[in-house]
Each structure stands twice: as C-alpha cells, then as structure tokens.
Amino acid sequence: MLLGLLLSALTLSGIAASPAMADEGGTDGQAEEFEYFFSGNVKYNDEPLEGVSISVSGGGFEAETETDENGQWTLGVPEKEAYELTLDEDTLPEGVIVEDGQSTIEAEFGLTNRKAVNFFLGEGQRVTTDYGAQVLIRVVNGLNFGLLLALAAIGLSLIFGTTGLSNFAHAEMITFGALMMLTFSTTLAFPVWLAIIIAIALSGGLGWALDAGLWKPLRKRGVALIPLMIVSIGLSLALRYTFQFFYGGGTRQLPGATIPSEIRLGPILLSWIDVVSMATSVVVLLAVAFFLLRTRIGKATRAVSDNAPLAAASGIDVDRVIRIVWILGGALAGLAGILWAYFRPGVSWDMGFQILLLVFAAVTLGGLGTAFGALVGSLIVGLFIEVSTLWLPSDMKYVGALLVLILVLLFRPQGILGRRERIG
C-alpha cells in the first residue's frame, strides 16, 4: 500500500521531470516561463557551431540547451542572481576547446533581464576525465548525498516504527531546519556555528510541538493510520505554503555555500563544506546508533517499535518514548535540511518536498520502521542517483532510484533489513 502511495505521489509531484527543462535549439521558447535570460553565440573562425551543449545552474535551478544552426543559444532562469554557465567541451568539434579552460563562467544580471555570455574557442588538445575517475567522483558525491539523506530517513523511520504514521509533513521539517539556519545566520547575522545549534534545537522543538499539539490528541482519539496519513499530507501543504508566504518563492544562499572547491584527492575535488558535511553526518549517525543500542531510552524505543502493547505492559511509558522520537526525528530532519541546503546549494520554501520521495524510498528500501535499514537504503539511493548519471540523463536519475526500489521490493517485499510478517 505504501509503495502505491509513493508512486501516486511521484506522479503528482513530477520529481522525475525537471521543472528547469530548456527549450530546444536555443530560441526564446521559454519566454512564457521565465523572466530572465542568458544568451550567446558559439563560433569558431567565424563559423557557427551547431549542437553545442550549454547548461546553467544556481540556486537549486538547472537547465540545458543546444546551439542552433546559427550557433545561437538562450537559457531562461527564474531569478535575478548569480549562475554558473557551462559549455560541454565534448560537444565541440575535434581539436576545438574553450580557451584558458574557461568552460564554466559565473555570470549575473545587471539592470536588464538579459545577459550575454560568450565562450572563446581555440585549437588545442581536450583534456578528459577517464571513466574510472568519473565513477570515483560520483561515488563520493553519492556518499555525501546518501549520508544527508540518511539523517532525514532515520527520523522518518523511527516515527513510523513507533507510531505507524507515514508522515508526509517530514518534508517540511527538513525545510524548517534550513529556513531557521537562514534566518539566524543571514537575517540576524548570528555566527554560523551558533545558527546551526539554534536551528537544530528549534527543529527538535517543532517535532515536540507537532506531537503534543496534533499527533498525541489524534492517537488518544483512536484515529486510524490512513486518516492520520491524510492529515499529514494536509499539514505538509499548510506548512509549505506558510513558508512561502513568509520567505517568498525565491532561493537564497547560506553563508559559505559558494566557497570554491580547494581539496583535491586524485581526481576528486571537494570543498571544506563537503568534508564537514560528510564528517558531521557520520558522527551524528554513530551517535544515533549508540543511542539506540546502548542507552535505556534507545532500547525502549526499539521495544516500542517492535511491539508497543507489549512494551507498555512491561512498564515502558510509550507516550514518553514517542515524544522523544518526535524530538529526535525533528532535530535530525533539521540537520538534514541544513546539509541539503549546502549540497544543492540554496534554501527555498519547497526544498524538503524535492527529496521527500527519495526519503520514503530509502526507508522502504531498507525496511519499514528499521533505523539501520533506513541508513542502508539511503546510501544505496544516494549512490545510485549519482552514479547513474554516467548512463542516464540527469533529469532521469530520480526515476532510476525509484525503479531500483521497485525491483528490490518485488524480490524482497520487507526491504533489505526488514522482517517478514505473516498476515492472517
């Protein structure tokens, strides 16, 4: 049933289809969609080059187009801010390269809504990255993405395990953490480390407030799981558009998000933010594992996830355990939102919703209600999404991850670390 709901939500959300699809042939076909445009000509020895691929990225937005028969191209973007434009040298004729290695140019708009960007070409030997190096680069990126995905997935899995609730509002808990980080670091100019602590604490507080104000009263009334899930969808929509009302529909950057990559390990080029993000994720995940395996509350959490009535009969305060799980789940979601804002990069009102189905896929793939299964599922999803771009178009990478989910569940319906349950 949950898999069917995920596939239905996939159809509605359109996660597989990028909203940033560019027009074909570099014309102004995007005029109805966008207000701001980058454009240019690609010529070599005064001869226009057709079919050269140009892409734009920035603020969580990506799009791509090709030059037409006149060597002209146009790309529309949603906001007036800085973007990176990249010419794919593999689409240039043999022996032609971008001069001085400037295949990527950072550009921003002036007083008008159009900006001309030109790449200067010359003769030369094109330097390419071998296939093994490309795989290694994408594996590292996949681990980075999978680790931050695991933070959100473990919180969602713990909530499902202790309450049986498929919480679609978990996406907004992810967004909330990033928005609080933006508020305290950028708007209020707090130090970054202090803003992170406050954002995580407030995210945990949001989890507590949601359970105390909404979910516990509904549980006491004996509301069934399907109505509870529908309530979570409504809560998700309400919170999402509340965020848009207060923060607007644009994308804003956190402090340090645009720091260039400076750490090179062979073919792998990382920024300090990437290193700190992965290290933070690993430390937090180890701390969660210690909490679940070694602490009294952690053992009680696993007992409630396994059999809540039996845990209650054993003297465990089930409501208290559930309250702690909501606080922990909120804090983990908030931290995941902060790391996701640096990974994208950018903070927007719907950023949590953009990865909600991936979080559900990771939880389902690893095994519903199992925290360690959520970790394994997240790493698989993260790695597959990044590595699959070697063979699949970037717009199809999320579809590939969900297809893997379907194939695994066809042969192991309980997930990788889930247990078989007899029905009837």
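Numbering starts at 1 and runs along the sequence shown.
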- Query: Between L151 and S281, is a side-chain contact (heavy atoms from CB on, under 4.5 Å) present by the stated rule, with each step listed?
  - Reply: CA-CA 7 Å; L151 295 174; S281 299; 3.9 Å; yes
- For the student: nearest non-hydrogen atoms of G334 and S203, plus distance: CA-OG, 3.4 Å
- Item | Check: N45 side chain, E47 main-chain N or O, donor-acceptor pair, under 3.5 Å | no
- Salt-bridge contact D211-K216 (side-chain N to carboxylate O under 4.0 Å): no
- Query: T104 and T86: side chain to side chain donor-acceptor pair (under 3.5 Å), yes or no, with the steps?
  - Reply: CA-CA 4 Å; T104 297; T86 302; 3.1 Å; yes
- Closest non-hydrogen atom pair, V321 against A300: CG2-CB, 4.0 Å
- Message: Nearest 0.5 angstrom please: F243 CZ to M351 CE, how far?
- Response: 11.0 Å
- Message: Does the plane of the ring in F109 sit parallel, tilted or perpendicular to the ring in Y36? Use 30° and 60° as the thresholds.
- Response: tilted
- Ignoring hydrogens and geometry, is there a side-chain-to-backbone donor-acceptor pair from S103 to V98 under 3.5 Å? no
- Message: Is there a side-chain contact (heavy atoms from CB on, under 4.5 Å) between M181 and V192? Walk through the geometry before answering.
- Response: CA-CA 8 Å; M181 175 64 181; V192 171; 3.6 Å; yes
- Query: Do the side chains of S39 and R114 get nearer than 4.5 Å, heavy atoms only?
  - Reply: yes
- pair F160-L165: side-chain heavy atoms closer than 4.5 Å: no
- Task: Over all heavy atoms of both residues, which pair between I154 and V288 is shortest? Give the atoms and the distance, please.
- Result: CG2-CG1, 4.1 Å
- Smallest separation among heavy atoms of N70 and K43, with atom names: O-CE, 4.4 Å
- Straight-line distance of I355 CD1 to S378 OG, nearest 0.5 Å: 9.5 Å
- W349/F245 aromatic ring centres below 6.0 Å: no
- Query: Hey, is the main chain of I385 close enough, under 3.5 Å, to the side chain of S388 for a donor-acceptor pair?
  - Reply: yes
- Message: In the structure I gave you, are the side-chain heavy atoms of L148 and Y342 within less than 4.5 Å of one another anywhere?
- Response: no
- Are the side chain of T175 and the backbone of D350 linked by a donor-acceptor contact shorter than 3.5 Å? no
- Query: For L75 and I54, which heavy atoms make the closest approach, and how far apart are they?
  - Reply: CD1-O, 3.7 Å
- Message: Determine whether the aromatic ring centres of residues F38 and W73 are separated by less than 6.0 angstrom.
- Response: no
- Using modelled atom types only, decide if a donor and an acceptor are shared between the side chain of N118 and the backbone of G40 within a distance under 3.5 Å. no
- Supply the atom-to-atom distance I338 CD1 to L182 CG, rounded to the nearest 0.5 angstrom. 11.0 Å
- Keeping the roles fixed (side chain from S157, backbone from T370), state whether a donor-acceptor pair exists under 3.5 Å. yes
- Please report the shortest heavy-atom distance between S348 and T251, naming the atom on each side. CB-OG1, 3.8 Å
- Do W215 and R323 have side chains that get closer than 4.5 Å, going by heavy atoms? no
- Item | 4.5 Å side-chain heavy-atom contact, F61 and P78 | yes
- Rounded distance [0.5 Å steps], CG in N167 versus CE in M229: 11.0 Å
- Query: Is the backbone of G346 close enough, under 3.5 Å, to the side chain of R252 for a donor and an acceptor to pair up by distance?
  - Reply: no
- Query: In terms of side-chain heavy atoms, does E64 have a donor or acceptor partner in S53 at a distance below 3.5 Å?
  - Reply: yes
- Could you state the interatomic distance from CZ (R240) to CD (E172), rounded to the nearest 0.5 Å? 4.5 Å
- Show the numbers, then the answer: is there a side-chain contact (heavy atoms from CB on, under 4.5 Å) between Q354 and R344? CA-CA 11 Å; Q354 294 172 7; R344 296 177 66 218; 3.5 Å; yes
- Query: Do side-chain atoms of T91 reach the backbone of D88 as a donor and acceptor pair under 3.5 angstrom?
  - Reply: yes
- Task: Without swapping roles, check the side chain of S277 against the backbone of D274 for a donor-acceptor pair under 3.5 Å.
- Result: no
- Answer yes or no: is there a donor N or O on one side and an acceptor on the other, between the side chain of S236 and the main chain of S232, under 3.5 Å? no
- Message: Quick check: do L149 and F145 have side-chain heavy atoms less than 4.5 Å from each other?
- Response: yes
- Item | Heavy-atom side-chain proximity of W326 to L158 below 4.5 angstrom | no
- Query: Are Y247 and T183 close enough that a side-chain donor and a side-chain acceptor fall under 3.5 Å?
  - Reply: yes
- How far apart are the C-alpha atoms of L254 and V347, what are their side-chain angles, what is the distance that settles it, and do they pass the side-chain contact (heavy atoms from CB on, under 4.5 Å) test? CA-CA 7 Å; L254 293 178; V347 178; 3.7 Å; yes
- Message: Could you check whether any side-chain heavy atom of L87 comes within less than 4.5 Å of a side-chain heavy atom of V52, counting everything from C-beta outward?
- Response: yes
